[in-house]
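Okay, structure first, notes after.
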Amino acid sequence: MTQEPTEKLSNVQIAWRAAQDIADGAYVNLGIGFPEMVARFQPEGRAAVFHSENGILGFGKAPSEGQEDWDLINAGKKAVTLNPGAAFFHHADSFAMVRGGHLDVAILGAYEVAQTGDLANWSTGPTGVPAVGGAMDLVHGAKRVAVITEHVTKKGQPKLVERCSLPLTGVGCVTRVYTSLAVVDIEEGRFVLREKLPAISFDDLQSLTGATLHCPGPVADLIVPEL
Amino acid sequence: MTQEPTEKLSNVQIAWRAAQDIADGAYVNLGIGFPEMVARFQPEGRAAVFHSENGILGFGKAPSEGQEDWDLINAGKKAVTLNPGAAFFHHADSFAMVRGGHLDVAILGAYEVAQTGDLANWSTGPTGVPAVGGAMDLVHGAKRVAVITEHVTKKGQPKLVERCSLPLTGVGCVTRVYTSLAVVDIEEGRFVLREKLPAISFDDLQSLTGATLHCPGPVADLIVPEL
Amino acid sequence: MDKTLPSPADAVAGIADGATVMVGGFGGSGAPIELIHALIDRFLATGSPGNLTVINNNAGNGQVGIAALIAQGMVGKIICSYPRSTNSRAFIEKYQAGEIALELVPQGTLAERIRAAGAGIPAFFTPTAYGTELAEGKQIQEFEGRPYVMERWLKADVALIKAELGDRMGNLTYRMTARNFAPIMAMAAAHTIAQVSRLVAPGEIDPEAVITPGIFVDALVEVAEPAQEEALNRAEVHYP
Amino acid sequence: MDKTLPSPADAVAGIADGATVMVGGFGGSGAPIELIHALIDRFLATGSPGNLTVINNNAGNGQVGIAALIAQGMVGKIICSYPRSTNSRAFIEKYQAGEIALELVPQGTLAERIRAAGAGIPAFFTPTAYGTELAEGKQIQEFEGRPYVMERWLKADVALIKAELGDRMGNLTYRMTARNFAPIMAMAAAHTIAQVSRLVAPGEIDPEAVITPGIFVDALVEVAEPAQEEALNRAEVHYP
């Protein structure tokens with residue numbers, strides 16, 4: 001296996017890239033942790049509306065320290081604020097929004113993504129305490145389910161694979177993957193490369209990927225500002 | 001068939017009798033039309049909370065003429081008022097209350113009631129325009145489903161029968177019937193006579209009833225004030 | 001984000017022939033009269049949209065709103081619980097002439113089917129209608145010894161609803177029992193159009209008081225002092 | 001009608017050994033801390049109730065609320081979506097020692113199963129968990145070419161919830177995201193107990209603003225200035 005190139009996007013840069021594809025006025029759910037960063041990079045002039053599983057639509061930035069109200073939190077249990085036009089609702093209504101296909105985009109983390117769109121992001125296997133949260137609902141709800149992830153694991157193993165080896169979160173649900181090296185769509189059961197870092201060759205990228213990367217169209221340079 | 005006795009309860013008197021069995025604080029749905037009269041006769045010191053399918057809990061009396069607000073109506077499309085502690089909700093929540101077994105009592109009219117508890121009250125057959133409203137939901141929701149009805153049809157036919165001949169509203173759902181002549185419970189697939197007008201003999205009552213009336217316990221006099 | 005449109009005519013301009021249209025309201029309360037009449041105006045001017053499937057609790061009353069839509073011959077099918085009203089002559093005439101189809105659904109099942117569509121639940125089980133002719137041909141399953149009927153979600157292309165306050169993000173409140181089917185229809189339709197009695201700025205509706213969050217609303221138009229179906233019918237108004 | 005009780009101790013007095021108890025709250029918001037602690041007090045004084053099945057989104061945090069209930073050994077089983085939190089040591093220790101059972105349910109399925117119980121829907125179909133180990137052994141059915149998993153309602157003997165305003169008829173409002181599971185749990189439990197931050201007279205809550213109508217609430221107790229789980233945990237409070 002090729003060693004991962006030293007040049008790669010940082011997590012904030014991956015989040016920045018994912019944010020560029022969110023339209024003005026889109027309804028968006030960001031997974032807990034790394035995906036939450038995407039909210040920081042909404043392009044000028046666009047305002048997405050952020051949904052949180054625990055019953056908010058239209059939450060805003062974190063309050064300054066000491067200003068937290070712990071009855072105003074997001075699904076990651078972090079204190080948030082409200083933007084004008086926000087609304088509260090109960091958990092069944094919140095997941096009606098998710099499952100009913102009302103969200104435009106959900107952006108989640110991943111352990112593995114398969115070329116079929118299968119996602120594994122909730123369990124690393126039978127040891128430890130399992131916890132699933134809302135991930136299995138989100139992958140079947142949003143019109144577009146995107147993943148942001150390192151291209152390979154810390155041990156250098158591909159995270160984009162032919163078939164997931166870890167317990168699945170959902171079957172055939174992911175449509176786009178933003179990695180530290182590339183932007184890859186999932187179409188008709190295959191990975192379609194859309195963008196890659198200029199510094200990495202196609203062959204090196206392919207060798208870091210666990211399934212064939214297809215290029216039916218042009219592959220753009222993945223260019224992200226320093227952040 | 002025996003002729004119906006000239007002495008019988010009027011509709012308001014049947015409604016009065018039914019009202020005596022409603023506990024203080026009970027949540028009650030009254031069917032459109034005749035059953036709506038039951039609300040007028042809550043015994044002194046008791047206050048039921050009335051539910052309307054179109055999204056009110058705790059509605060009160062009709063407003064005086066000219067004071068109607070046509071955005072504040074009950075399921076019978078009649079203008080109502082609100083009692084303190086009322087609440088509005090949407091139709092799915094309203095029928096969650098019904099179907100979820102949260103109502104204590106539903107009181108409905110009937111074309112026929114069978115000794116099995118089957119009810120027919122929505123359709124007189126294949127001619128005309130069918131309309132069902134909320135009746136099929138109500139019979140499966142309330143903890144107690146009672147019927148108020150004339151004991152026989154205008155043509156003198158029994159309305160309490162072995163088996164309904166008209167299209168069913170629900171199967172095995174009615175638990176008590178208040179008629180113009182008697183109070184009859186439905187227990188284990190049979191009619192159990194609880195009260196009858198003193199002026200009518202058991203035999204005459206039986207002859208006006210389409211199935212056997214059982215008397216496992218005492219039969220009280222059905223005594224209702226002039227109204 | 002601004003979902004407001006200048007007029008009811010703009011709001012209903014995209015509704016296609018053959019569309020399935022949910023219409024809010026129960027009896028005389030909550031009917032989006034101005035939206036429905038804009039649809040009739042469009043039909044009179046252009047001959048479209050026709051052959052609509054209308055989903056409402058009733059089948060119209062008097063000679064305004066849904067009744068007027070039916071009288072114009074714009075409706076091919078009604079899905080409702082209670083088509084027989086004090087004055088549902090428009091429907092009854094077409095029905096008896098075989099010119100309109102009827103799918104009769106118990107009221108609670110109608111509400112739950114609509115809610116299920118909005119919530120991504122393709123089917124559910126209900127005790128309602130078990131053993132009756134309205135359950136004929138439907139899948140029956142026992143749970144805990146009791147039989148239930150499987151019912152399917154009910155989706156629509158468009159929902160036309162009437163709300164009280166609305167902001168340009170689509171957040172809505174309702175007025176008393178005018179709420180009825182509107183919040184669930186807003187969830188169930190691919191394109192939800194709300195007429196609001198007053199347009200306010202985002203933030204003016206308390207986030208705790210929002211009944212329909214904007215995510216369920218695609219377009220809204222302010223109709224100040226909207227007509228009330230019951231009042232129109234008591235005044236024996238005909239439309240057009 | 002007066003559903004109020006004088007104290008949390010009175011409110012929880014009837015909860016039996018082996019009961020299934022829904023507890024409102026998500027993360028640190030909405031947990032009915034005083035009701036849970038009253039239950040612990042009762043257990044410490046009487047040895048009862050034990051062997052509870054607790055339904056909540058999480059499995060407790062820190063050393064208060066549900067975590068304290070677990071630490072006391074009062075909980076035999078947890079049904080939740082996310083038992084792994086920053087500080088869910090109480091649960092994790094019991095779980096790894098095999099002293100507590102876990103039923104893991106996706107969060108939206110958990111919410112919908114609870115809502116279904118309240119709405120009289122014994123089963124429904126959802127796309128969630130299809131093809132995963134959490135759907136193993138469940139009935140699968142295709143609708144419109146897509147496979148769905150059948151899920152069952154989830155009922156409880158008791159619900160313990162925290163609300164903001166309440167009146168003696170049981171009408172409730174909530175405070176921001178403290179709403180979360182409380183309204184649906186109130187619907188799904190045979191006996192719903194609410195602690196309210198302020199008790200008001202019937203009519204003081206606008207009928208449009210009632211989130212949980214009183215029909216879903218059996219008992220309520222005023223707890224002015226209630227504890228906030230997150231704040232307790234940040235202060236590293238232990239209970240008792």
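Lettering follows sequence order; numbering is per chain, from 1.
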Next item on the list: Could you tell me whether the side chain of D:Thr192 reaches within less than 4.5 Å of the side chain of D:Phe216, counting heavy atoms only?
Entry: no
Check: Does any non-hydrogen side-chain atom of D:Leu134 lie less than 4.5 Å from one of D:Pro106?
Finding: yes
Next item on the list: Sort D:Tyr174 into side chain, backbone, both or neither according to what part of it lies under 4.5 angstrom from a heavy atom of chain A.
Entry: neither
Check: In terms of heavy-atom pairs under 4.5 Å with chain A, which of D:Val105, D:Ile211, D:Asn58 leads?
Finding: D:Asn58
Check: Got A:Ile22 and A:Ile107 here, is their nearest side-chain heavy-atom distance under 4.5 Å?
Finding: yes
Margin query: Looking only at heavy atoms and a cut-off of under 4.5 Å, which of A:Ala120, A:Ala92, A:Gly55 has the most pairs with chain D?
Written below: A:Ala92
Item checked: Side chain / backbone / both / neither for A:Asp93 at chain D, heavy atoms under 4.5 Å -> neither
Note to self: Can you tell me which residue among A:Val139, A:Leu168, A:Ile186 is in a side-chain contact (heavy atoms from CB on, under 4.5 Å) with A:Cys173?
What the structure shows: A:Val139
Next item on the list: Under 4.5 Å, counting heavy-atom pairs only, tell me which of D:Pro127, D:Pro147, D:Ala135, D:Ala129 racks up the most with chain A.
Entry: D:Pro127
Next item on the list: Step by step, work out the side chain to side chain contact (heavy atoms under 4.5 Å, CB included) result for A:Leu138 and A:Leu103.
Entry: CA-CA 9 Å; A:Leu138 282 165; A:Leu103 295 174; 4.0 Å; yes
Next item on the list: Below 4.5 Å from any heavy atom of chain D, which atoms of A:Ala75 appear? Answer side chain, backbone, both or neither.
Entry: both
Notebook entry, point to check: So which part of A:Ser52 gets closer than 4.5 Å to some heavy atom of chain D, the side chain, the backbone, both or neither?
Noted result: neither
Margin query: Please classify the contact between D:Tyr95 and chain A as side chain, backbone, both or neither, with a heavy-atom cut-off of under 4.5 Å.
Written below: side chain
Next item on the list: Side-chain contact test, heavy atoms from C-beta onward, threshold under 4.5 Å: evaluate it for D:Ser29 versus A:Asp71 and give yes or no.
Entry: yes
Check: For chain D, which of A:Ala86, A:Gly134, A:Gly133 has the most heavy-atom pairs under 4.5 Å?
Finding: A:Gly133
Next item on the list: Classify the angle between the aromatic ring planes of A:Phe50 and A:Phe59 as parallel (below 30°), tilted (30 to 60°) or perpendicular (above 60°).
Entry: tilted
Note to self: With chain A as the partner, which of D:Ser81, D:Gly27, D:Gly30, D:Ala111 has the greatest number of non-hydrogen pairs under 4.5 Å?
What the structure shows: D:Ser81
Checklist line | Per-residue contact mode, D:Leu110 against chain A (heavy atom under 4.5 angstrom) | finding: neither
Next item on the list: With a 4.5 angstrom heavy-atom cut-off, could you sort out which part of D:Arg146 is near chain A: side chain, backbone, both or neither?
Entry: side chain
Item checked: Test log, rule side chain to side chain contact (heavy atoms under 4.5 Å, CB included), inputs D:Glu34 and D:His37 -> CA-CA 5 Å; D:Glu34 286 77 7; D:His37 289 180; 5.8 Å; no
Notebook entry, point to check: Most heavy-atom pairs under 4.5 angstrom with chain D, which of A:Val171, A:Asp137, A:Ile56?
Noted result: A:Asp137
Next item on the list: Please look at D:Arg175 and chain A and tell me whether the side chain, the backbone, both or neither of the residue comes under 4.5 angstrom of a heavy atom of that chain.
Entry: both
Check: Below 4.0 angstrom, N of the basic side chain to O of the carboxylate: do D:Lys77 and D:Glu103 qualify?
Finding: yes
Next item on the list: Under 4.5 Å heavy-atom distance to chain D, tell me which part of A:Phe88 shows up: side chain, backbone, both or neither.
Entry: both
Next item on the list: Report yes or no: is the cationic atom of A:Lys77 (NZ for Lys, CZ for Arg) closer than 6.0 Å to the six-membered ring centre of D:Phe26, at no more than 45° off its axis?
Entry: yes
Notebook entry, point to check: Side chain, backbone, both or neither: which part of D:Thr109 has a non-hydrogen atom closer than 4.5 Å to chain A?
Noted result: both
Note to self: What's the separation between atom NZ in D:Lys162 and atom CD in D:Glu229, rounded to the nearest 0.5 Å?
What the structure shows: 9.0 Å
Margin query: Under 4.5 Å from any heavy atom of chain D, what part of A:Val129 do you find: side chain, backbone, both or neither?
Written below: both
